[in-house]
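Since the structure comes first, as structure tokens, the remarks are kept for the end.
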Amino acid sequence: MPELPEVETIRRTLEEKILYRTIQGVEILYPRVLRNCDHGQLEAALVGRCFTKLDRRGKYLICSLDSDHRLVIHLRMTGRLVTVPVDDAVEKHTSFCIHLEDDSDLRLVDQRKFATVDLLQGPGWGSIKGLESLGKEPLDEDFTPAYLADQLSGRRAAVKSVLLDQRRVAGLGNIYVDESLHRAGIFPGKIAGNITEEEVRRLHQSIQGVIREGIAHRGTTFRDYVDGEGRQGGFQALLRVYGREGEPCSTCGEPIARIKLAGRSSFFCPRCQG
DNA sequence: AGCTTTACCTCAGCGC
DNA sequence: TGCGCTGA
DNA sequence: GTAAAGC
């Protein structure tokens with residue numbers, strides 16, 4: 001599940017591989033990957049041009065072209081964005097191939113086919129609803145304890161569901177939310193509005209810490225994730241609760257528990273996060 | 001309005 | 001070995 | 001992981 005650190009790692013690894021290489025062709029193997037255009041429109045916008053810049057906003061990857069077009073990619077659950085030699089066999093579940101001038105391919109491989117591509121022309125986010133309503137980036141300086149407190153205050157929902165809401169904080173997903181809450185010593189099911197000032201400070205610190213470390217270790221490969229060069233991440237070795245049901249808590253030894261919250265599996269330490 | 005559930009897909013892993 | 005169910 | 005549909 002690519003979250004902020006994984007998308008950021010993909011962005012960095014792809015930069016060296018795809019920028020300023022002329023696009024020679026576009027193949028769409030799963031047409032529904034295109035949300036707001038068809039194959040012809042995408043081809044018209046891409047072929048003969050090149051990518052000039054890759055940006056990330058939350059879990060969105062924004063690929064600028066040497067025109068006023070941008071390609072916005074969201075990988076959802078199982079999307080993998082990789083560069084390979086054109087001659088490599090096309091993997092099962094490949095949604096598209098973009099052929100570059102150096103005989104390399106940018107490919108989207110996506111077992112569950114939830115990943116999406118939007119083509120934008122001109123400024124603004126067009127009809128990409130999730131992108132225009134995105135909350136603050138956890139590593140931006142305007143992501144302050146006061147901002148976080150404001151997002152949590154007055155809400156009756158579980159703190160975990162608020163943190164998963166991309167309109168509150170951009171880029172957190174199931175793994176990094178569970179890890180942040182464990183480091184902050186907060187039960188994921190605690191009512192967001194009941195989080196104390198002290199807890200907000202700890203949560204703010206732990207979110208920034210977990211996201212920074214996640215990026216430093218090139219993301220978490222729990223299952224499908226690989227970066228733009230096909231390499232696995234390293235942060236999975238440092239996970240303290242996610243996927244560790246029954247294993248002893250790294251801080252107190254209590255077995256990690258698992259509950260269902262906001263429709264997602266949630267891992268926590270019953271003692272540290274009472 | 002805010003929160004929860006469901007739909008979108010395919011497959012690995014489990015129990016029988 | 002295969003079937004259905006669960007969860008990612 | 002999210003958008004849309006349902007309380």
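All of these numbers come straight from a predicted model, not from anything done at the bench. Numbers restart at 1 for each chain; the letters A, B, ... are given by sequence-line order, proteins then strands.
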Measure from CZ on A:Arg167 to C1' on D:dA4 and round the result to the nearest Å. 13 Å
So does A:Gln166 get a side-chain nitrogen or oxygen closer than 4.0 Å to the phosphate oxygens (OP1/OP2) of D:dG1? no
Please tell me if A:Lys113 has a side-chain N or O lying less than 4.0 Å from either OP1 or OP2 of B:dC8. no
With no hydrogens and no angle check, do the side chains of A:Thr78 and A:Asp110 hold a donor and an acceptor under 3.5 Å apart? yes
Does a side-chain N or O from A:Lys92 land closer than 4.0 Å to OP1 or OP2 of B:dT10, or not? no
With a non-hydrogen cut-off below 4.0 angstrom, is A:Thr116 in contact with a base, only sugar-phosphate, or nothing? nothing
Could you tell me the separation between the CZ atom of A:Phe267 and the C1' atom of C:dG7, rounded to a whole number of Å? 10 Å
To the side chain of A:Met77, which of B:dC11, D:dG1, D:dA4 is closest? D:dG1
Between B:dC3, C:dA8, D:dT2, which one does the side chain of A:Arg156 approach most closely? B:dC3
Select base, sugar-phosphate, or nothing to describe what A:Arg258 touches, counting heavy atoms under 4.0 Å on all strands. sugar-phosphate
Closest approach to the side chain of A:Ser161, judged atom by atom: which nucleotide of B:dC8, B:dC11, B:dT4 is it? B:dT4
Check this for me: A:Glu197, atom CD, are more than 12 non-hydrogen atoms of other residues, nucleotides or ligands nearer than 6.0 Å? no
Rounded to whole Å, how long is the line connecting atom CZ of A:Arg57 with atom P of D:dG1? 17 Å
Describe the nucleic acid contact of A:Tyr60 in one word from base, sugar-phosphate, nothing, applying a heavy-atom distance below 4.0 Å. sugar-phosphate
Are any of the side-chain heavy atoms of A:Leu106 and A:Val82 separated by less than 4.5 Å? no
Nearest-nucleotide check on DNA chain B, A:Arg223 vs A:Arg112; residue mapping nearer the 5' end is A:Arg112
Please work out if A:Asp110 contacts a base, only the sugar-phosphate, or nothing of the nucleic acid, heavy-atom cut-off 4.0 Å. nothing
Within the structure shown, what part of the strands sits under 4.0 Å from A:Gly263 by heavy-atom distance: base, sugar-phosphate, or nothing? nothing
CZ of A:Arg76 versus P of D:dT2: gap in Å, rounded? 6 Å
Using atom types as modelled and distance alone, determine if a side-chain donor or acceptor of A:Asp227 lies under 3.5 Å from a backbone N or O of A:Glu229. yes
Closest approach to the side chain of A:Lys260, judged atom by atom: which nucleotide of D:dA4, C:dG7, B:dC8 is it? C:dG7
Nearest-angstrom distance from the residue atom OH of A:Tyr30 to P of B:dC8: 10 Å
Euclidean distance, A:Leu29 CG relative to A:His93 NE2, rounded to 0.5 Å: 12.5 Å
Selected nucleotide, minimal atom distance to A:Gln111 side chain, candidates B:dT10, B:dC8, B:dT4: B:dT10
Please report, rounded to the nearest Å, how far the P atom of B:dC3 is from the CG atom of A:Leu163. 13 Å
Would you mind telling me which residue lines up with the more 5' stretch of DNA chain D, A:Glu3 or A:Lys129, judged by nearest nucleotide? A:Glu3
Is any side-chain heavy atom of A:Phe268 less than 4.5 Å from a side-chain heavy atom of A:Ile186? no
Is there aromatic stacking of A:Phe114 on B:dC8 here, judged by a ring-centre distance under 5.5 Å and a plane angle under 30°? yes
Whole angstrom is fine here: how far is it from CZ in A:Arg155 over to P in B:dA1? 13 Å
Ignoring backbone atoms, test whether A:His74 places a side-chain nitrogen or oxygen under 4.0 Å from the OP1 or OP2 oxygen of D:dG1. no
Starting at CZ of A:Phe222 and ending at C1' of B:dC11, how long is that distance when rounded to a whole Å? 16 Å
